[in-house]
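FYI, the numbering just counts along the sequence from 1. Every number for a ligand or one of its atoms is a count from 1 in the order of the listing.
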Amino acid sequence: MEEKRDFRPKLHFTAPKNWLNDPNGLVRTGDTYHLFYQHNVKEPRWGPMHWGHAVSRDLYHWEHRDVALYPDKLGMIFSGSAVLDEENVSGLGCGGRTPLLAFFTYDDGKTEFQSMAFSLDEGQTFHKTGTPLIENPGIRDFRDPKVTRVGDGWVMALAVWNQCWFYASKNLLDWEKTGEFGPLPEEIAPAGAVWECPDLYPLTGPDGETHWVLVINLQIPPEKGGVRPLYWLGQFENGTFTAQEDFCEPLDCGFDCYAATTYFNAPQRTMIAWGDNMVYAGEAPTGEWRCHMTMPRVLSLKDTPKGLRLASLPLVPEEARRKAEELEKKSGEKSGALPGKTFVLRVTGTGEGSVTLKNGRGNAFSFGVNADDAFFIDRRNTCAPFCESYSEHLMEHTAPRFFEGSWQLDAVLDGCAFEMFGDGGTRAFSVSLFPENPFDAFETAGNLSVQILPL
Ligand code: FRU
């Protein structure tokens with residue numbers, strides 16, 4: 001298909017060509033970050049799933065590597081995670097080389113089970129063990145193993161239809177079920193919702209205490225938003241997760257943030273998510289490459305007037321800190337020109353206010369804070385619908401603020417990828433935008449000012 005407009009982002013990861021979805025096997029070896037990802041190597045649409053592979057030192061500049069895992073007679077290679085077995089508890093290491101273990105789901109179109117592969121050369125080549133690590137118990141949706149270190153053992157979180165199951169292991173090979181989370185009430189997980197891609201990790205709060213975060217991605221009907229990435233705060237004890245009462249928050253409030261997962265062995269809790277939505281991503285007008293990842297986001301816990309909340313902010317590598325200082329010095333504006341296809345934008349305001357990015361074709365994208373003190377995005381007029389499923393249900397979103405009074409929004413537009421972070425990252429939105437021409441100007445309404453810096 002002909003590429004009509006150059007939507008390819010500069011900072012957001014994309015595959016050289018063809019289809020990409022979930023980030024998989026996020027792991028750091030030495031000072032190298034690996035990004036494996038769901039990849040159809042033949043077509044720019046979802047199909048036989050491989051694990052693509054890229055490496056980076058800073059999570060922004062990526063070097064593409066050979067495909068790491070190919071489908072085989074047992075099935076396609078669905079999503080999963082990777083860890084380093086430094087103590088060689090698996091016994092798969094040899095000659096003093098630390099095994100990198102990749103856990104994934106085999107899906108043959110009918111059934112799913114968990115399996116693994118290992119690498120003794122830091123992810124360049126993998127050997128599949130070919131055996132089920134965890135057999136299917138007779139449930140169609142049974143996938144996306146996320147393995148993490150807990151104490152002196154290992155835990156796996158697994159998405160099992162309308163639940164998350166937990167398993168424990170000492171040697172990373174033999175797994176025993178230890179707990180379940182879910183199902184959820186209908187207003188959170190509507191009928192037909194399928195649970196996918198769990199993540200589980202501890203974070204230290206401002207109170208110095210350890211809090212556990214459980215992330216679940218729900219695939220829900222398009223008229224309910226298509227996807228719902230959710231998180232809970234709670235405790236992980238005795239092999240199971242218990243959520244704080246009456247707590248359930250979106251991990252991201254945009255339409256294009258899914259299958260978020262965090263790095264194993266990174267100095268900070270760092271997350272990457274798929275920056276698209278399965279409902280319409282296959283029709284996105286990007287040409288021979290399709291879909292991108294979100295920027296790497298650093299996660300922390302913040303106190304808010306509504307209680308403790310997860311905050312996500314883009315990782316700012318050391319060299320980019322200078323840019324951040326440049327942004328601070330920029331004068332605030334109410335309207336003006338936009339500087340090219342990749343820029344960062346800081347909006348500071350009080351009360352209701354909006355920023356609209358626009359072009360000469362009459363395309364417009366708005367975001368800001370509404371009269372109810374909620375952050376919002378509105379992409380209704382961003383482009384002509386490029387397919388039926390890019391529908392009215394997936395155009396506007398709001399999320400009430402956790403704070404009161406003045407606000408700040410930090411946003412990045414990068415090709416077709418827009419991400420915005422409100423109130424210190426306690427509200428994040430990721431949306432894909434496909435205007436017919438690049439946005440070249442902005443205007444505002446309300447009591448706010450905008451600082452802009454090209455990247
Ligand atoms: C989520 C997902 C996973 C699955 C993978 C297949 O986007 O459906 O549950 O493992 O994508 O590509």
**Request:** State, without any angle test, whether Y33 and N265 hold a side-chain donor-acceptor pair at a distance under 3.5 Å.
**Result:**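 Absent: no donor and acceptor within the cut-off.
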**Donor on one side chain, acceptor on other, T29 and H34, under 3.5 Å** =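 Looking only at side-chain atoms, H34 and T29 do form a donor-acceptor pair, the distance falling under 3.5 Å.
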**Prompt:** Taking the six-membered ring of F402 as reference, does the NZ or CZ atom of R309 fall below 6.0 Å from its centre and within a 45° cone about the axis?
**Reply:**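 Flagged: R309 positioned over aromatic ring of F402.
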**Prompt:** Which is it for S79 and ligand 1 at heavy atoms under 4.0 Å: side chain, backbone, both or neither?
**Reply:** both
**Message:** Please classify the N21 to ligand 1 contact at 4.0 Å (heavy-atom distances, strictly less than): side chain, backbone, both or neither.
**Reply:** side chain
**Asked** So, is Q219 polar-close to ligand 1, with some N/O to N/O distance under 3.5 Å?
**Response**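 No, Q219 has no N/O under 3.5 Å of an N/O on ligand 1.
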**Asked** Is Y258 in polar range of ligand 1, meaning some N or O pair under 3.5 Å apart?
**Response** no
**Item:** Ring geometry between W51 and F104 (parallel below 30°, tilted from 30 to 60°, perpendicular above 60°)
**Value:**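 F104 and W51: perpendicular rings.
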Quick one: look up the protein heavy atom nearest [atom] and list residue, atom name and how far away it is.
| atom | result |
| --- | --- |
| atom 1 (C) of ligand 1 | D22 OD2, 3.0 Å |
| atom 8 (O) of ligand 1 | E196 OE2, 2.7 Å |
| atom 10 (O) of ligand 1 | D144 OD1, 2.6 Å |
| atom 12 (O) of ligand 1 | Q38 OE1, 2.7 Å |

**Request:** Tell me, please: is W46 in heavy-atom contact with ligand 1, that is, under 4.0 Å?
**Result:**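 Contact check W46 vs ligand 1: positive.
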**Message:** As a test of understanding, state which of D372, T304, D423 forms a side-chain hydrogen bond (donor to acceptor under 3.5 Å, both in side chains) with R401.
**Reply:** D423
**Asked** Quick check, are the ring centers of F118 and F126 under 6.0 angstrom apart?
**Response** no
Anything under 3.5 Å between a donor and an acceptor, one on a side chain of residues 152-161, the other on a protein residue two or more places apart or in another chain? List them.
residue	atom	partner	partner atom	Å
D152	OD1	K170	NZ	3.2

**Item:** Atom indices of ligand 1 within 4.0 angstrom of M49 heavy atoms, with elements
**Value:** 12 (O)
